[in-house]
Structures are given as C-alpha cells and as structure tokens.
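Order of the sequence lines sets the chain letters (A, B, ...), proteins ahead of strands, with each chain counted from 1.
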Number of protein chains: 2
Amino acid sequence: MKKTTPKKPTSLDFAILGLVSHQPLSGYGIRKIFETTEMGNFGTSPGTIYPALKRMQKLMLVENLTSKTDNKNKFHITIKGKELLQNWLVRPLEMIDVSRKREEIILRFAFMDKYSSQKQKLVFLESFHDLLTIYIKQLLDYHKAENLQMPLHGRLSFEHGIESYKATLKWCKKTLLVIKKMT
Amino acid sequence: MKKTTPKKPTSLDFAILGLVSHQPLSGYGIRKIFETTEMGNFGTSPGTIYPALKRMQKLMLVENLTSKTDNKNKFHITIKGKELLQNWLVRPLEMIDVSRKREEIILRFAFMDKYSSQKQKLVFLESFHDLLTIYIKQLLDYHKAENLQMPLHGRLSFEHGIESYKATLKWCKKTLLVIKKMT
DNA sequence: TCGCACATGTAACGTGTTACATGATTCA
DNA sequence: TGAATCATGTAACACGTTACATGTGCGA
C-alpha cells in the first residue's frame with residue numbers, strides 16, 4: 001500500500017505564497033520581483049513560475065481574481081494558503097536547516113512581518129542564533145583538526161564557508177536587537 | 001530539426017569530478033565528503049550520487065578501477081574528465097555567476113589547486129573581486145532607493161544579502177593576498 | 001512603426017528527492 | 001550477536017531548465 005504523499009510544497013511555492021500574502025500580484029509581477037531580488041535563487045523563468053502558480057491554484061493556496069479597478073488578473077492568497085504559510089513560518093529550526101537551507105530561513109524571516117507575533121520572531125531568531133553558534137563551532141573544530149591535511153584551496157574555500165556563517169550570525173544578532181526594540 | 005543538446009554537466013558533476021581529480025574515491029567515499037562539508041549543498045543522497053557517477057562513466061569522464069593493493073573499487077578521473085574540469089575552472093566569471101551561483105564559484109576555486117596556474121588563480125580572484133564590488137554597489141543603491149518603501153522584514157532580509165556578499169568580498173581580498181604570496 | 005516591456009504560457013528532457021532494498025564488514 | 005557503518009543500488013514522481021511560442025500595449 002502506497003503512502004499518499006502529502007505533496008510537500010517547495011521553497012519556490014513558499015516564496016510565491018509569501019509574496020502574494022503581502023499584496024496581490026500577477027504572475028509576471030512575481031517573476032519581476034524574483035528577478036530583481038535575492039529571491040531569484042528560487043527560480044525566475046516562466047517555465048518555473050507559471051506551473052508553480054497552477055499547482056498552487058489547484059491546491060487552493062492562491063486564487064486568481066480580476067481587479068475591478070484596473071481590470072487585471074492577480075493572484076491572491078487564500079485562507080488555506082495563509083494557514084500553510086503560518087505553519088511554515090513557525091516550524092522549529094533544525095541544524096539541517098542551518099547547514100543546508102540558510103536561504104530558506106532568511107526567506108521565512110522575510111515573510112514573518114504580518115503573520116507572526118513578536119514573541120515568535122524572537123524565538124525564531126534566538127533559535128537561529130543558537131544553532132548558528134553551535135554550527136560555527138563545529139566548523140572551527142573541523143578546521144583546527146584538519147587544516148594541516150587539507151590542500152590549500154580546499155582550506156581557503158572552507159574558510160569562506162566559516163566567514164559566511166559568521167556574517168549570518170552577526171546579522172542575526174543585529175536583527176535580534178532591532179526586533180527586541182519593537183513594541 | 002532538433003539541436004543535439006551538448007548535455008551540460010551539473011554542479012554536482014563538477015563537484016564529483018573535482019574530488020576524484022585529487023584522489024580516487026569510491027561512491028561511498030564521495031558521499032561521505034559531501035555530507036561532512038559544504039559540498040553537501042550539491043546533493044548527498046545515494047539516489048543523487050550513484051546515478052551521477054553512472055552518467056559520468058558513460059561520458060568517460062571517470063572510470064571505475066579496482067585497486068591492486070586493497071582490492072576496492074574506486075573512481076578515477078580520465079583525461080577527458082581533466083579537460084572538462086580545466087575548461088570549467090577557467091571559464092570567465094559573469095555577473096550572473098556572482099549573483100546566483102556563488103557556491104559554484106567557491107567550488108571552482110577549491111579545485112584550482114592542481115589544474116590552474118598562479119596567473120589563472122589571480123585572474124579568477126580579481127575578476128570575482130571586481131564583479132562582487134559592482135554587485136554590492138548595486139545592492140546598496142537599491143537599498144538606498146527602496147528601503148523606506150520596504151516592509152521591515154523585507155528590508156532586514158535584504159540586508160542579510162548585503163552582509164553576506166560583503167563577507168565574500170572580504171574573503172576574496174584576503175585570499176588574493178594569500179595567493180599572491182605564493183611563488 | 002520599431003523595439004521594448006508587459007504578460008502568459010507549453011513541451012521535452014533530465015535531474016534530484018524520497019523511499020525502499022540489499023548485503024558485507026567491523027566492533028562492542 | 002546485534003548494531004552501526006560501509007557500500008551500492010533502484011523506482012516513482014515531480015520539479016526545474018531550456019527553448020519555443022504567442023500576443024498586447026506603449027513610448028520614441
């Protein structure tokens with residue numbers, strides 16, 4: 001007996017969902033935003049976006065409505081879409097997210113504006129902070145133990161990874177302060 | 001009439017090729033390295049690695065030889081594989097690489113050890129440096145122009161992107177000095 | 001009226017993901 | 001002897017890439 005796959009949405013789906021949760025957008029509008037921002041990492045071509053919108057429509061996460069004012073078709077988020085988005089936003093962070101899906105973590109944070117409480121934002125950032133700290137320590141330990149055996153370029157590339165995570169941690173601390181200041 | 005697709009290798013293919021260019025490895029050995037390093041971003045599961053090795057074998061980029069000493073099967077890079085690797089290593093950097101494929105740039109640098117001259121390494125890093133500088137400037141301009149209209153979380157996430165690129169630029173400068181010092 | 005940006009799609013293809021499956025070796 | 005690690009795979013499925021295709025509206 002086959003398990004009925006729950007059809008887990010991709011990062012791209014969530015990126016789209018997050019965008020239309022802020023404002024209704026046409027498929028083209030979504031593509032433009034993807035192209036001009038870091039979100040482009042989740043895909044920009046028509047062959048990616050339009051099929052994604054179609055399956056999300058089928059799953060009733062978004063709906064395509066015609067604006068009465070300018071007579072243009074735009075995608076709106078549905079109740080079901082909002083629920084899915086919120087569940088995704090509050091999903092506890094794991095180490096695997098930190099080590100392999102940093103982009104998605106930042107994406108989640110980007111969409112927490114409207115759908116998460118200040119408490120949730122703080123929990124999220126603090127957990128990110130703690131996991132990052134542990135992960136960086138692991139990287140440093142590995143570096144210390146192995147750097148003499150590593151080829152020069154391997155070591156230098158590895159160090160790029162470390163610096164990159166340190167930059168994220170720094171951002172995390174700064175951002176934590178910003179959010180804490182909010183009332 | 002159909003164009004005969006030249007079957008462009010993926011980042012994963014190059015990651016594997018680079019690894020076996022340093023030392024012969026079993027499929028399992030390759031997976032272990034992917035799992036324990038940042039290269040894991042290019043895929044770690046058996047369902048990714050083994051099929052990749054198969055197609056690379058078919059394309060005669062690698063060959064599977066049995067070691068006479070320990071009687072284990074390991075993949076070796078072929079002449080053709082080395083040629084492909086070298087072409088990839090010296091391919092000029094473009095802005096699109098910087099904005100969307102930073103991981104691949106670092107990966108390329110990691111494998112330049114044996115197959116690139118010091119001159120080539122310097123050209124590579126200097127070009128990376130220049131493109132990064134331009135790209136960061138673009139990000140900062142965008143930030144300046146738009147930050148008042150952006151939602152708070154959007155702005156903060158955007159700032160993560162900026163910090164991340166700055167960290168890469170910093171690494172690039174440092175690494176340039178290291179390479180320059182080499183004789 | 002030329003070209004560009006707007007706007008939305010489809011088709012073929014190959015790749016990655018996920019889950020399943022198997023067996024050998026090593027060590028406690 | 002049982003568990004963990006070594007070691008290699010397969011199958012279904014869906015997704016993303018690439019290339020193609022079409023048509024509108026607008027400003028120079």
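- Distances shown here put a side-chain N or O of A:R55 below 4.0 Å from the OP1 or OP2 atom of D:dG16.
- Here the P atom of nucleotide C:dT8 and the CD1 atom of A:I16 are 13 Å apart, to the nearest Å.
- As rounded to whole Å, 11 Å separates atom C1' of C:dA5 from atom CD of A:E35.
- Considering only side-chain N and O atoms, B:K54 lies nowhere under 4.0 angstrom from the phosphate OP1 or OP2 of D:dT8.
- At whole-Å resolution of the value, CG in B:L12 and P in D:dT17 are 15 Å apart.
- In this structure, CZ of A:R31 is placed 11 Å from C1' of C:dA5, rounded to the nearest angstrom.
- Note: CZ (B:F42) to P (C:dT15) measures 16 Å, nearest angstrom.
- With distances taken from any side-chain atom of A:T10 to the nucleotides D:dG16, C:dA5, C:dT15, the minimum falls on D:dG16.
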> After noting the C-alpha distance and the side-chain angles of B:E146 and B:R155, does the key distance pass the salt bridge (Lys or Arg N to Asp or Glu O under 4.0 Å) rule?
Replying inline: CA-CA 9 Å; B:E146 302 291 334; B:R155 205 193 79 212; over 6 Å; no

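- For A:Y50, the listed nucleotide lying nearest its side chain is C:dT8; candidates were D:dT8, C:dT17, C:dT8.
- When heavy atoms are screened at a 4.0 angstrom cut-off, B:I49 is found touching no nucleic acid atom at all.
- Put simply, the side chain of B:S157 gets close to the backbone of B:H153: a donor and an acceptor are under 3.5 Å apart.
- B:K74 comes within 4.0 angstrom of no nucleic acid atom, judged by non-hydrogen atoms across all strands.
- With rounding to whole Å, A:I96 atom CD1 is found 13 Å from C:dT17 atom C1'.
- Remark: P of D:dC6 and CD1 of B:I33 are 12 Å apart, rounded to the nearest angstrom.
- Each of C:dT17, D:dT8, C:dT10 was ranked by its minimum atom distance to the side chain of B:T48; first place goes to C:dT17.
- Computed from coordinates, the A:I30 CD1 to C:dA7 C1' distance equals 12 Å when rounded to whole Å.
- Donor-acceptor pairing under 3.5 Å is lacking for the side chains of B:E63 and B:T78.
- Sequence order on DNA chain D of the closest nucleotides to B:P46 and B:K32 puts B:K32 first from the 5' end.
- Contacts of B:G47 with the nucleic acid, taken as non-hydrogen atoms under 4.0 Å apart, include base atoms.
- Because its NZ or CZ atom is not both nearer than 6.0 Å to the ring centre of A:F128 and within 45° of the ring axis, A:R102 does not count as a cation-pi partner of that residue.
- No salt bridge links B:E104 with B:R108; every basic N to acidic carboxylate O contact stays at or beyond 4.0 Å.
- In the set C:dT17, C:dA7, D:dT8, C:dA7 carries the atom at the smallest distance from any side-chain atom of A:K72.
- Candidate nucleotides C:dC6, D:dT8, C:dT10 were compared by shortest atom distance to the side chain of B:Y28, and D:dT8 ranks first.
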